Amino acid sequence: MSEFKKIDEVLDKKYVDKVIKLRGWVYRKRELKDIVFLIIRDSSNIIQCIVKKENEDFEKARKITTESSLEILGVLKEDKRAPNGYEIEVKKLNVYNIAERFPITKDQSKEFLLDVRHLWIRSRKMNSVLKVRSTVFSAIREFFTKNGYYEVQAPSFTKAACEGGATLFEVKYFDEKVYLTQSWQLYAEAMIFSLEKIFCIAPSFRAEKSRTRRHLTEFWHAECEEAWKGNDEIMETEEKLICYLIKRVIEERKKELEFLKRDVTFLEKIKPPFPRIRYEEAIDIANKNGLNLNYKSDLGADEERVISNQFSTPFFIHHYPKELKAFYHRPDPKDPEHILCNDLLAPEGYGEIIGGGERIWEKEVLIQRIKEQGLNPKDYEWYIDLRRYGSIPHAGFGLGIERFVTWICKLPHIMDSIPFPRTINRFYP
Ligand code: ATP
Ligand code: MG
């Protein structure tokens, strides 16, 4: 007997009139008097199968329900009316499990689909998103490895905040109190003194209380840190990474993007260099488009939507006022009220996908910035040490992988970009 094939593989003229074996789940079922239509799905695709009355398994087929698991042996036929243009005439049917009444039927609310997320991830939509996501993870690794970066890991339990106290998750650590990491930042800066060019893919945790379309409490962070680089140079690395990811997703996942109705030609037009605008210019763009901001205003989801709707390519905003950025960002020595930092914003209203910049490498400046932000330098002793022993210029960035996947698939909400999203009121299943 021939081995099992994947549906995608058999959607091919060369298998017409050949006997094939498939296994999977029932995606849809329709029954006429003497024929049962089963649309079968597996990880790769869907295919229509027909079981005729004269088949000894006809009664079995009639009892089958949505999401039942089975294997079939049958003959492939071309059929223009079938989805994907092929159909299988079933000769033999084996059932693994007759599914109970599947709770997901047409027209379900978003909330319900989140309640049954463990089942909804079987949907064609989630299947497509998860494949794009998988490609993004491997492409990030490819990019960094090809360009001479080492992959490293940082702890998830930390003693000090790096992105501000407001979004820290506190954890009981035996008799002590620690936090879940918001970023690898402080540890990355220690590791570049050994490896110079490093990256990491890991979850970051932030107790985001505001409900937006782009915040999770647990997200996957692709972070990069590099010795001897400044803000301008790290922006170049960021844009190369993003272009590489777009290219790889188009190469590997065109079918999925099309299924998700993402306009691939829009993505194909994206080329470096990305526009670089100063923070004040971004504020001016926002104000020209109906907002009323000043040159100290923070840019959140709403403001970034207005600004990024004016762009059809990712673009950088650099030189934020120092009050708006974490203590480790380096003030511009020529303009110390502003920071040598950059945010990379996705176009089409999506907004920030990367935060990056140059880090402070002068000890005195670092201590002053820690104090200015109301933090205690004592809590950062080991980190300050890095400025005592062979300090160097360095820069880095963090890409929110779900933010990128949401944009590249043009999804309406970040929760659609991860199998089991975590938000302020969502931690089940
Ligand atoms: P925002 O202003 O949108 O909250 P941030 O300035 O806090 O973002 P950074 O600290 O610069 O973000 O983190 C780097 C990247 O990590 C961001 O550009 C974004 O892509 C991603 N990121 C940050 N917070 C979240 C979150 N809560 N959920 C998903 N992704 C996030
Ligand atoms: Mg934030």
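Owing to the predicted nature of the structure, the values given are computational and were not obtained by experimental measurement. One-based numbering, in listed order, for ligands and for the atoms of each.
Panel note: side chain Ser297, backbone Asn294; a donor-acceptor pair is recorded below 3.5 Å.
A donor atom on one side chain and an acceptor atom on the other are not found under 3.5 Å apart for Thr217 and Arg422. Side-chain atoms of His319 and Asp335 form no donor-acceptor pair, as typed in the model, at a separation below 3.5 Å.
Residues passing the salt bridge (Lys or Arg N to Asp or Glu O under 4.0 Å) test with Asp42, sequence neighbours excluded: none.
The aromatic rings of Trp407 and Phe404 sit perpendicular to each other, their planes meeting at more than 60°, with 30° as the lower class boundary.
A distance limit of 4.0 angstrom between heavy atoms and ligand 1 selects the residues Glu163, Arg206, Glu208, Arg214, His215, Leu216, Phe219, His221, Glu352, Ile353, Ile354, Gly355, Gly398, Gly400, Arg403, Ile414.
Annotation: cation-pi pair Arg276/Phe316 present, NZ/CZ under 6.0 Å from the ring centroid and within 45° of its normal.
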